[in-house]
Amino acid sequence: MSHHSCDVLIVGGGMVGLCLAHQLLERKITSSITVLDKEPGLGRHSSGRNSGVLHAGLYYKPGSVKARVCVGGARRLRAWVQERGLPMNACGKVIVPPKLELDAQLDVLAERGTANGATVEFLDETQLRHLIPEARSASGRALWSPNTAVVKPLDVVIRLEQELREQGVSFVKGCSGWKAKPKCRELLLADGGSINYSHVINCAGLQADRVAYPFGVGHQYTLLPFKGLYWQLKANCPIQPRTNLYPVPDLNVPFLGVHFTPSADTTPIVSIGPTATPAFGRENYRGLQAIEPGMAAKNIGLLARQYLNNRGGFRRYVHEQAFLTLPPLLIRAAQELIPAVRPNNIELSQKVGIRSQLFNRQTERLEDDFLCIPGPSSTHVLNAISPAFTASFALADLIIDQALPVLNLG
Ligand SMILES: Cc1cc2nc3c(=O)[nH]c(=O)nc-3n(C[C@H](O)[C@H](O)[C@H](O)COP(=O)(O)OP(=O)(O)OC[C@H]3O[C@@H](n4cnc5c(N)ncnc54)[C@H](O)[C@@H]3O)c2cc1C
């Protein structure tokens, strides 16, 4: 049992929480920082289980929080990774329309990318073939994003934790079952200990809505987790794209579609995925162990209503993406990008992640943007979905700027 106090308590030691600690130190706001995580090791959820793609900022509506933080965040994370000599593959990304009617979306992405400060170029069929000889574009056109890169996300998390610890940040790990007492600015720990704080920042990813509720925050949101399974090209597959290959996404839903991603290091592993299938437990990565039957039943109801209402074009998502865990459908999606891929070229990967996607009960839609909501002596980061990993340094600055006027430190 221990009693502990700090200026800023960060709940959740994923990439967002760690970058917040980094920026609080870097900007000399406070060095009295504690990071609390329920797991005994960091990187066990989204930050250690994602594709590791540093997005270049093409997808996001200009003016959205995602658009404001993605390009700058990617530049900073790239430099941070390079300075430390961690694995990074600066291989760029190609986006192709798998169907002719999606060709015009390339113009939308190019406009958004340019408005967001990203570099984008159009490619013709010859240029596309030069980058990935086996790739196919339904219209012959493609977009090229030279500044997209791939890193190893778990390496980044582990190194960041190590550096923060060396700079005096306290870590309390393996600590679940605590209770918030917002009026006393205190967390009561399950072992009878406590943590007092001046300000708490909730970066609890898949659990962030549950952490927010006792602070009176976020009651209109509920988490709708979507699982991302990955396949990979077998080592003996003759096709091994050397750059990211993505389809034009459905911009109505926050999923990018199944894509090919080369490895960050010299291992010749090309991932295919992730899928975006409704998950029946927030942390149900494998089997049925972590299924939450109550949540699953409620979410099936929500999904069915979304389908019937077709809000935000939800039916298209269901038809095109919800069932991609089935190998024949996954192969078909992969073949839309590279027709020569055959079922015997791919194998299931060990990697799997679950997105902390929020559903807004008032608008009856999936939330698209990051949410950073103030509460009593607290800030709650909700819906930290992709590209929160890419953007984390810049997102941390934005969260701090928002909280700064109400930070009551020391
Ligand atoms: C399949 C998949 C692929 C993705 N691909 C990309 C990509 O290529 N590029 C990109 O930029 N983004 C990608 N993302 C998104 C990215 O991974 C997340 O946006 C980012 O990691 C969010 O970081 P976080 O710190 O908010 O959450 P997390 O990494 O989930 O961290 C939250 C932490 O909070 C802790 N926690 C939870 N509840 C409690 C509690 N009650 N008490 C204490 N601690 C708690 C957890 O243990 C966890 O360590 C992907 C996500 C998924 C799922």
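All values below come from the heavy atoms of this structure, side chains included, with hydrogens, waters and symmetry mates left out. Atoms within a ligand are numbered from 1 in the order they appear, just like the ligands themselves. Quantities reported herein were computed from a predicted structural model and do not represent experimental measurements.
Near His45, meaning under 4.0 Å from any of its heavy atoms, are these atoms of ligand 1: 30 (O), 46 (C), 47 (O), 48 (C). When each atom of ligand 1 is checked for a heavy atom of Leu36 under 4.0 Å away, the hits are 43 (C), 44 (N). Close approach of ligand 1 to Ala388 (heavy-atom distance below 4.0 Å) involves ligand atoms 19 (O). Proximity to Gln207 (heavy-atom distance under 4.0 Å) selects the following atoms of ligand 1: 37 (C), 38 (N). For ligand 1, the atoms lying closer than 4.0 Å to a non-hydrogen atom of Thr390 are 9 (N), 10 (C), 11 (O).
Relative to atom 8 (O) of ligand 1, the option among Val53, Val150, Asn50 with the closest non-hydrogen atom is Val53. Residue nearest to atom 47 (O) of ligand 1, selected from Val16, Asp37, Val151: Asp37 (by heavy-atom distance). Distances from atom 36 (N) of ligand 1 to the heavy atoms of Ser51, Gly41, Ala204 put Ala204 nearest. Between the choices Gly17, Ala384, Pro225, the shortest heavy-atom distance to atom 22 (C) of ligand 1 belongs to Ala384.
Of all the heavy atoms of Tyr230, the ones lying under 4.0 Å from any atom of ligand 1 belong exclusively to the side chain. Contact annotation for Ile354 and ligand 1: only backbone heavy atoms (N, CA, C, O) come within less than 4.0 Å of the ligand. Counting heavy atoms under 4.0 Å from ligand 1, residue Cys203 touches it through the backbone alone. Residue contacts with ligand 1 for Arg210 are absent, since no atom lies close enough (heavy atoms, distance under 4.0 Å). Residue contacts with ligand 1 for Val11 involve side-chain atoms from C-beta outward but no N, CA, C or O (heavy atoms, distance under 4.0 Å). At a 4.0 Å heavy-atom cut-off, ligand 1 does not touch Leu42 at all.
How far OG of Ser51 is from CG of Asn244: 9.0 Å, rounded to the nearest 0.5 Å. One distance of note links CZ of Arg44 with CG of Leu154; it measures 9.5 Å at 0.5 Å rounding. Leu302 contributes atom CG, which lies 7.0 Å from atom OG1 of Thr222 (distance to the nearest 0.5 angstrom).
Salt bridge absent: Arg332 and Glu336 never bring a charged side-chain N and a carboxylate O closer than 4.0 Å. Ion pair Asp369/Arg68 not flagged as a salt bridge, since none of the NZ, NE, NH1 or NH2 atoms sits closer than 4.0 Å to an Asp/Glu carboxylate oxygen. In this structure, Arg210 pairs ionically with Glu292, as a charged nitrogen and a carboxylate oxygen lie closer than 4.0 Å.
Gln207 and His45 form no side-chain donor-acceptor contact under 3.5 Å, judged by distance and modelled atom types alone.
Using a 4.5 Å cut-off on side-chain heavy atoms (C-beta onward), Arg76 and Asp397 make contact.
Heavy atoms of Trp178 come nearer than 4.0 angstrom to ligand 1 in at least one pair. At least one heavy atom of His55 sits closer than 4.0 Å to an atom of ligand 1.
Ring geometry, Phe255 versus Phe226: the interplanar angle falls from 30° to 60°, so the pair is classed tilted.
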Please report the C-alpha distance between Glu367 and Asn360 in whole Å, then the side-chain angles of each, then the deciding distance to 0.1 Å, and finally whether the side-chain hydrogen bond (donor to acceptor under 3.5 Å, both in side chains) criterion is met.
CA-CA 6 Å; Glu367 265 316 305; Asn360 185 329; 2.9 Å; yes
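Note: Tyr213 and His380 fail the aromatic proximity criterion, with ring centroids not under 6.0 Å apart.
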